[in-house]
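Every chain is numbered from 1 and lettered A, B, ... according to where its sequence line falls, protein lines coming before strand lines.
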Amino acid sequence: MSETHDATSVNHGRAGETEEGSRAGYPFRALEECAQRRWSEAHLFELGDPMAAEKRFYCLNMFPYPSGDLHVGHGRNYILGDAIARLKRMQGYTVLSPMGWDAFGLPAENAAILNQIHPAIWTKRNIARMKEQFHAWGVGFDWTREISSCDPEYYRWTQWLFLKFYEKGLAYRAKGAVNWCSSCQTVLANEQVEAGACERCGTAVVMRDLEQWYFKITAYADSLLDDLSLLREWPEKVRVMQANWIGRSEGASIRFAVAGEAAPIEVFTTRPDTLLGATYLAVAAEHPLVVRLREQGKLQADAEAFLDRLKRARVENRFAIETEKEGYDTGVRVTHPLTGSPLPVWISNYVLMGYGTGAIMAVPAHDQRDFEFATKYGIPIVEVVRPGSGDGFAGSAAFEGEGRMVNSGSFDGLATEEGKRAVTDALTAKGAGESRVNFRLRDWLISRQRYWGAPIPMIHCETCGVVPVPEKDLPVVLPDQVAFKPTGESPLVTNKAFLNVPCPKCSGSARRETDTIDTFVDSSWYFMRFLSPRLETAPFDSDAVNRWLPVNQYIGGVEHAILHLLYSRFIVKVLRDLGFISFGEPFERLFTQGMITKDGNKMSKSKGNVVAPDTLIQRYGADTVRLYTLFIGPPEKDAEWNDRGVEGAYRFLTRYWKMIEDVPVTQPVSQVAAAPGSGPFSIGFAATGPARDLRRRVHQLTQQICDDMDRFHLNTAVSGLMQLVNSVQDYLAAGGDPAAVEVREAAEIATRLLAPLAPHTAEGAWEVLGHTKSVALASWPSPAAEALESATKSLVVQVNGKLRAHVLVPAGADQETIRRTALADEKIAMMTEGKKVAQVIVVPGRLVNIVLE
RNA sequence: GGGCGAGUGGCGGAAUUGGCAGACGCACGGCGCUUAAGACGCCGUGUCCGUAAGGACGUGUGGGUUCGAUUCCCACCUCGCCCCCCA
């Protein structure tokens, strides 16, 4: 800690030296420079040896994609995290608050294509710019631990992760349907598809089958779902979203034998009890049966036209509320597993290949979609469930409720739950099905035909097949020299030196995998790398990681509620099962902050409503921007930015600074109070009078602000601080003694409470108050019990629930005293005169309610 | 269609467990300071009636529970977000 610095530095230059000569204010610029120099010299934000820390707090903001300029909406995230980190530090924790860059990704590559600038240079430039902005905000990260996912020393371990997954059979290669733009000749992420068209060129996107790499996240579906219950300190909303995404449902798997085919059609249903009501099967256009029929030329000519139309419509209508159901009878017949009767197989657009098996048994009487389809195409409808009371299937709509089975032979009379079991048992006995749990979650497609990502560390050998790159050869370095113009293959194909390598197994000629790893993999483990960012022998130091994780507080946008947070949980679980770490969840407490809007819209460059922090910081100072950002509303909710509101925050800081300057410089209260033998009152706090009232008020507000901070109610913590400063001003305006020790104490408490929120100003104020150590390391205040004490208590008196009077009673008065005092009140006595009092409710410490008959 | 939120002054919002609705700030109005403007300071500011004292009403709508409801329950309306033919 630096103890020697120029104590007068912050007093130079009073306000007003900004562009607006008339503006009163405070010397925020000098304060910022002084405070930031001080933090940096003291290495305040640096963790040092992670194993040395006893009381630990890992506070993490989601690392950003370095897209360039940050706006005030981004700032909210980091200011919030910084405030929490600073709070925890003052509360005595050793805090780890690192920052890094999710630096691989598409925008860099698009910039390369558009502006002829290499993604690496573009990314580096943006990182430098954003780092400057973090500094300008006074956000304190441990920059000695900075990481960037596009550095070979980082992505080497992303590749290592891939190899470990591959070894355990959790990474595999398979054919899959992907979004394809025929004009750009490239695969698109779902996010890049806008209204069915390529976001860049507007060409209609089509689905195309490609060999892709997958991570087997479905193997962890159960534990990802079950462990959500351990995440008590996550927002309910996020847990629900993840549970829905995983989408567990119980039912049965049923196989229908296909006439003339060896492979049966397998369907999943949650209502096996309705099996006897099934009158047809429907399959998705991409279903293997359809593919097979096409290959064998068994489809009529009009079928091709139908499939083509479906495919196009699927893409175009992906955002439509409801699409008209369409079908095509394949002519194929399957056998009902229980009755043996033939059922037609239709292709329909309402069956999705991405869910279940891509085939359904259709029960028109008991599923609305099937009902609409059967009605349209004249397919028979058979009622098999009848409710105990109320209306069942009536012919105008499907009945989807529960009841007793009918028209189902020996199953008739069974209730829905019994029926499900009985039918499933019958199927199992025949070898035509069994009970089954189905998940909506699909395996994670991680290959990208893109340049700016970590190369998948695999080699394709003509003789040995797919061979992993040996661990010792990592990283597989991404070459600089490639052609960026999209061709349908990864740009890496264009670099022959990269592409052609000897096979690690047989040394024969082989080709590198040219796809890169989805950047979501990069960001699924970075929080562990921060503990040992330069380690060259492993992705992370297991001891340090086991000591510091799970992350105590994770902060980020709710838009990551599903993918990033689910993937991170998955990777952590796998690493635990592989024995690398000892914990199974990455983030103990999650906070998802709301968006900042402007004119009712999300801030974005395209909308032109971005509020840049730079000019605001220039004009009002970083602390004003920080304070307003926190004051704008509850951090978890969206909030509307209002430039006028910034003025209010500035005015407050100016008033606060004036208060600090007006406090006579004597010894700091904390030092006097720490003198031997001095009790709380021995340094001269008044026992009664305005100074006593001020002190009580200050400590009440301290209590409120401490609670608010702990509960993330930073908006009300700011308002509490405003009230604290106001109460000192009111005291002085009423003729209170500025030299009173209560004023000094208030100034000191206010400064420490302000330190996490407006750190530069608080740092300077602390110095003005005569302290030599940084306020960032001062102890967090707590209210003094004796300061909160009061001889009397004001209670509310209601008559019939309506506020009528206030009465003053001695603190701790018993119910009878309170009751008598209330009834004796002049106004209350008038109101109750001549009326019968039916009841008197006394809530000690709060109110009295007199109920008249 | 399903899930999750949210509806409080002119605006952002406050109200730990059911207990003084509108804290704090913005904006606005008045006054002071100023030649003036700005900045700053003081006062006022939910609606209606009233000169005032005071009173009535009031947290999306309707009902309920309660001595007491912004808070709990039921129904409805509106808005936002997410997943969307999930079998």
Side-chain angles (χ1 to χ4, degrees), chain A residues 15-16 20-25 235-241 243-245 247-249 251 267-271 274 282 317-325 348-352 354-363 367-370 372-373 438-440 558-559 561-562 594-595 597 600 627-628 631-634 636-649 651-652 654-655 658 704 707-708 710-711 713 715-723 726 729 733 794-806 838-843 845-852:
Chain A
E20 277 162 90
S22 59
R23 174 181 297 283
E236 171 74 15
K237 178 174 62 169
V238 175
R239 291 194 312 226
V240 168
M241 280 166 85
N244 290 343
W245 185 264
R248 182 181 197 273
S249 57
V267 306
F268 171 76
T269 178
T270 53
R271 292 293 298 271
T274 63
N317 295 335
R318 62 193 306 155
F319 299 106
I321 311 287
E322 193 136 338
T323 312
E324 172 71 18
K325 290 174 183 52
S348 179
N349 59 343
Y350 80 95
V351 181
L352 307 175
Y355 184 79
T357 61
I360 60 161
M361 68 171 205
V363 186
D367 181 288
Q368 187 58 26
R369 294 157 301 177
D370 300 344
E372 287 168 18
F373 189 87
N438 186 58
F439 290 95
R440 180 188 173 282
V558 75
E559 67 272 18
I562 297 174
M595 221 171 34
T597 58
L627 218 54
Y628 175 65
F631 185 58
I632 191 167
E636 72 278 9
K637 285 199 197 154
D638 291 350
E640 168 76 12
W641 184 270
N642 176 4
D643 282 333
R644 300 284 216 153
V646 180
E647 292 271 357
R651 284 202 275 262
F652 162 68
T654 303
R655 282 187 293 125
K658 187 172 180 312
Q704 180 223 306
D707 288 350
D708 284 345
D710 287 337
R711 291 185 303 150
H713 291 199
N715 54 326
T716 50
V718 174
S719 100
L721 272 160
M722 289 172 169
Q723 290 176 71
N726 289 350
Q729 283 187 332
S794 172
L795 297 186
V796 163
V797 185
Q798 295 179 334
V799 176
N800 290 336
K802 284 185 181 160
L803 173 68
R804 295 300 176 189
H806 292 268
Q839 197 184 352
V840 178
I841 311 274
V842 177
V843 185
R846 284 195 192 273
L847 57 58
V848 182
N849 188 13
I850 297 158
V851 186
L852 301 177

Within the 4.0 Å heavy-atom criterion, would you say [X] contacts the bases, only the backbone, or no part of the nucleic acid?
X	value
G247(A)	nothing
R644(A)	sugar-phosphate
N438(A)	nothing
R655(A)	sugar-phosphate
R248(A)	nothing

Summarise how protein sits on nucleotides 11-23 of chain B as a single string, 5' to 3': B when a protein heavy atom is under 4.0 Å from the base, S for sugar-phosphate-only contact, - for no contact.
-BSSSB--BB--B
Considering heavy-atom distances to RNA chain B, does Y355(A) or M722(A) have its closest nucleotide positioned more toward the 5' end?
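The residue mapped nearer the 5' terminus is M722(A).
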State whether E236(A) and R239(A) are salt-bridged, where the test is any N-O pair (Lys NZ or Arg NE/NH1/NH2 against Asp/Glu carboxylate O) under 4.0 Å.
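Judged by the 4.0 Å cut-off on N to carboxylate O distance, E236(A) and R239(A) do form a salt bridge.
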Has R651(A) got a side-chain N or O lying under 4.0 Å from the OP1 or OP2 atom of A27(B)?
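Affirmative; the distance criterion is met.
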With a 4.0 Å cutoff (strictly under), does any side-chain N or O of K658(A) reach OP1 or OP2 of C40(B)?
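Answer no for this pair, as no side-chain N or O of K658(A) is under 4.0 Å from OP1 or OP2.
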Do D370(A) and Y350(A) meet the criterion of a side-chain donor-acceptor pair at a distance under 3.5 Å?
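A donor-acceptor contact under 3.5 Å links the two side chains.
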Need the pair for [N]. Rule: Watson-Crick or G-U wobble, both distances under 3.5 Å, any strand; none if unpaired.
N	answer
G68(B)	none
A37(B)	none
A15(B)	none

Suppose you measure atom C1' in G46(B) against the same atom in C40(B); what distance do you get, rounded to whole Å?
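Taking atom C1' in both G46(B) and C40(B), they lie 29 Å apart.
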List the atom of [X], the atom of [Y], and the distance in Å for their closest heavy-atom pair.
X	Y	result
I632(A)	E640(A)	CD1-O, 3.2 Å
A282(A)	V351(A)	CB-CG2, 3.7 Å
V848(A)	V840(A)	CG1-CG1, 3.7 Å

Whole angstrom value for the distance that separates P of G3(B) from NZ of K237(A):
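Atom-to-atom, K237(A) to G3(B), this comes out as 17 Å.
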Could you check R655(A) against N726(A) for side chain to side chain donor-acceptor pair (under 3.5 Å), going step by step and ending with a plain yes or no?
CA-CA 9 Å; R655(A) 282 187 293 125; N726(A) 289 350; 2.6 Å; yes
